[in-house]
Every structure is written in C-alpha cells, then in structure tokens.
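Heavy atoms only: backbone and side chains are in, while hydrogens, waters and symmetry mates are out. Just so you know, ligand 1 is whichever comes first in the structure, and atom 1 is the first atom listed for that ligand. Along the sequence shown, residues carry numbers from 1.
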Amino acid sequence: MLNKLSLKVALIFFVFIMIVEVLLFSVLYTNLVSNQVDEVLEGLLARGSSHRDVLEKSFDDITLNHVSLMETEAATDVIITGKNGEVLSKSTEATNEIIQLIEHENTISHDGKVIEDRWRTAPYIATVSPIVIEGELVGHVYMFSPSDAVQSVVNELTRQFVIIGLLTVLLTIITIFILTRFLTLPLIHMKQVTERMSTGETDISLEATSRKDELGELASAIQTLARELEHLKRDRNDFLANIAHELRTPLTYIKGYADIAGRSSLSLEERGHYLDILKEESEQLTLLVKNLFALAKMDQNQFSIVPERVKLCESLEKVVKRLHPVFEEKKVKLDLNCPMHVIALVDPERFQQVMLNLLDNALKHSPAGATIGILSEMYQGKAVVEVSDEGSGIPEEELPFIFDRLYRVDKSRSRASGGSGLGLAIVKEIIRLHDGKITVNSSLGQGTTFRMELPGGEK
Ligand SMILES: Nc1ncnc2c1ncn2[C@@H]1O[C@H](COP(=O)(O)OP(=O)(O)OP(=O)(O)O)[C@@H](O)[C@H]1O
Ligand SMILES: [Mg+2]
C-alpha cells in the first residue's frame, strides 16, 4: 500500500540520481583519461624533439650513439633514421611492430607528430621528429614507449573511479532510504488513523501535526476531521434521542385519548370531542414526521430549490390572505408594508413555507390585540424581509439555539403551544439553500424581529 509509495519515490529518486551520476562520472572519466594519455604523448614527443635538437647541432656518430645510450636506460626507446630511412642508431632491437611504424615520410612539420596513439590496442605509442640541418632533411628521430605504461595509469584511474562510484551509490541509497522514511512514515500513520476513523473511532492523535510542512497540515486536517466527526456523532445521537422523545409524547396522548374514547359510558358528544383530539394529534404527528423528512432531504441536498424572479409583494399578499382567518380569530392585526419594486430570486413555494413558519411563530407568541408587521425592501441589491411581533420575546440566552432542530424555548410540550421545534430549522435550511441569511432580534416581553436577506432579482 503506502510502502509502495515509498518504493516508488525511492526508485524514481534512485534512477534519476543514477542517471545524473553516470553522466557526470563518464564525462569526468573520459576527460581524465584523454588528458593523461595526451600528457604521456606530449612528453614522448618533447623528449624526441629534444634529442633531435641535439642532433641538429652535431649530427655525428658519437652523438647518435650517445642519444641511443641515454634511451637504453630509460623506459622509452629511440630509433634514429637517416635521409633514406636507413637506421643510423637505436636503443632497442627493432621488432616488427616498431619497423612497421618507421615509415619514410618527408612532409612532417618540424614540431614532429604522434604516429601511434592507440594505447589500448597497439603495443607501443610512438612519435617522430624530423632532423633538419641548414634547411635540408637529414633524418628522423622516432620515439617509442610501451603502451603498458599508459594502460597501468588508466587502470589505476579506473580502479579509483569504481571505488568512488560504488561509495556514491551506497550513499545515495542510504540517503534515499532515510528521506522516504521521513516522508512516508507519517503518511502510513495517517492512513492507519483514517482507517480507524472509518470504523467509528474518533479519539485519535497524530504526531505529524507538529510539523510545519504540508504533511503537518494534512495531519492537522485529519485531526480536525476527527473532531468534527465526533461532534456530528454526538449531535446525531442527541437528535435521535430528541426525535424518540418527540414521537413518544403525542403517542402517549393518542393512546390516552383512545382509551377514554373507547369507554362505553361516554355520550356521543363526548366521544366526538375525543375523536377530534385524536385526529388533531395524529395530524400533528404526521406534520412532525413530514418536517423531519424534509430536513433529512435538505441534509442530503436532495431538496430541490428552483429560484425565479418573484415579486415579493404579490407573494406576501398571498400569504397574508391565506392566514387572514387565523389572525382574525386570535384578534391579531397583520400589517404588510412592501413597495412593489422588491424582487427576489427565490423558489416561490419555499418562500411561502418560510413566511408561514415565521408568521405561525409570531402569531403563537402574540397576545390578542397585538400587531404583527411584515416589512420588505431592497437593500444593497438584496431583498430584505422583516417579520416583527409584539409578543413575548425570546430570552437572550436562548437565541443561539432557536434555529436548532427540535429546540423549543418552552420545554413543556403542552397541547396549546404545540410546536415541535422544527419550524425555524426548516426556515434556516431553506434560506441557506438560497444563499441568503436570517438573523433574529428579540427583547423579552417586547417582541421579536426576524430579518431575512435574500438574493435580489435585478430588473
Ligand atoms: N416570534 C417568536 N416569539 C417568541 N418566541 C419565538 C418566536 N419564534 C420562535 N420562538 C421560539 O423559538 C422556538 C423554536 O421555534 P420553531 O418554529 O423552530 O419551533 P416551534 O414553533 O415550537 O415548532 P414548529 O414550528 O415545528 O411547529 C419556539 O419554540 C419558540 O419558543
Ligand atoms: Mg414554529
């Protein structure tokens, strides 16, 4: 798995570094070898030329013999030829290979030249320097040196190169090993941790979080993820517990009223009354389940929102008309204030749902004779809608929670107040899906104002 990653990284490193090293080494090696060989060849030529210089001063038997004598003692050898290529003097027996090299040539420049440089294959390397006295070519000085000497120099060089090369490979491998461990060990650790997380464990710690590099950032991200998961898990458990509670209460009512309604001693009228309550309760229960289902769909982004340009005034008038009877009954006044030009980019159905929820809340918490105001206006390109009531208000410490699911300020679930605590959660989700914003302002005993900002639909 991840070991594969370290292997891959190591292999890429290794191949890359090896290519660079081989390239560098071979360039260095060939240069060094050819320098060494050149040096030897130049030395040989210089020696031949200095013999030639002596011979040009005095070209006689004594000097010829003297030159040869000098070379018998040295590792190099000399052969001096005359005008027609005849051997005048030599420091060694002229073997076949040597004789082959002595070719009579009259066009060699006075500086001389190398006539054999194939030190790898030929037994000798050789140079020639022409002897010129008073403008006339009188002979040649041939110098020979056995190739073994050059070969052993080169061999020594090769040996050193091999040793250094092996050392470099070893060092490279060690470095790569350490480097990949340094990179992949934390990765392996993180992988193990995420695997543990996927089995539900969220209490994890990663050492790599202290690192200041990308691996450290990744480790921190994983740690944060684990914490969030932990929160989610707790939230989900709380939520499930709440749902169970919410369902149990109405079910208890239903069972109780059903028992009563079943009594044979009841009058028809009484039985009708209890059956009405039963119907109401089961309707409530249906609504609760429906709302829960809607919220679940919103969580999974399966809740479709089709925004269009909506004249808010028309939409608001529709809501007001729809709620008129209920408000009338409770003797609460509805005051709608909206200029015609306010246009929002919203899903009309969802917007109605939001307004119904907010107005339902406002009405529930308003005393008879109070007024509920709806105000709508354009503000910085956004469509703003405010719903304010003169009701009981919400305690400040409760404000942060009222948008939570199943949260109610009044914890007792009386049949009168009746809510399930899902209305505002749904409102908030719908607004979020519209990329809008909802805020609340409330003072206890004075009233509450909900303010929404929705995307405006430009003309
Ligand atoms: N206008 C308001 N005035 C006073 N309190 C409010 C107002 N609106 C909401 N609240 C408080 O916020 C809580 C949460 O509101 P929410 O609409 O989410 O739930 P609900 O009205 O109790 O139930 P549901 O809307 O699901 O029937 C309410 O229980 C209530 O205590
Ligand atoms: Mg409500």
Exercise. At the 4.0 Å heavy-atom cut-off, does G391 count as touching ligand 1?
Worked result: no
For this session: Look at N361 and state whether any of its N, O or S atoms is less than 2.8 Å from the Mg ion (ligand 2).
Result: yes
Exercise. Considering only heavy atoms, which of D360, L359, N361 lies nearest to atom 21 (O) of ligand 1?
Worked result: N361
For this session: Compute the minimum heavy-atom distance from K364 to ligand 1 and say whether it is under 4.0 Å.
Result: yes
Exercise. Evaluating non-hydrogen atoms only, which member of G421, S388, G423 is closest to atom 20 (P) of ligand 1?
Worked result: G421
Seminar exercise, completed: Taken to the nearest 0.5 Å, the spacing of D117 CG from D38 CG works out to 8.5 Å
Exercise. Is any N or O atom of G393, backbone or side chain, closer than 3.5 Å to an N or O atom of ligand 1?
Worked result: no
Exercise. Just heavy atoms, cut-off under 4.0 Å: does L288 contact ligand 1 by side chain, backbone, both, or neither?
Worked result: neither
Seminar exercise, completed: So for V409 against ligand 1, with non-hydrogen atoms under 4.0 Å, the contacting part is both
For this session: Please state whether the rings of F161 and Y29 are parallel, tilted or perpendicular, taking 30° and 60° as the class boundaries.
Result: perpendicular
Problem set entry | ligand 1 N/O within reach of I394 N/O, cut-off under 3.5 Å | no
For this session: Using a strict 4.0 Å cut-off to heavy atoms of S420, name the atoms of ligand 1 that fall inside it.
Result: 23 (O), 24 (P), 26 (O), 27 (O)
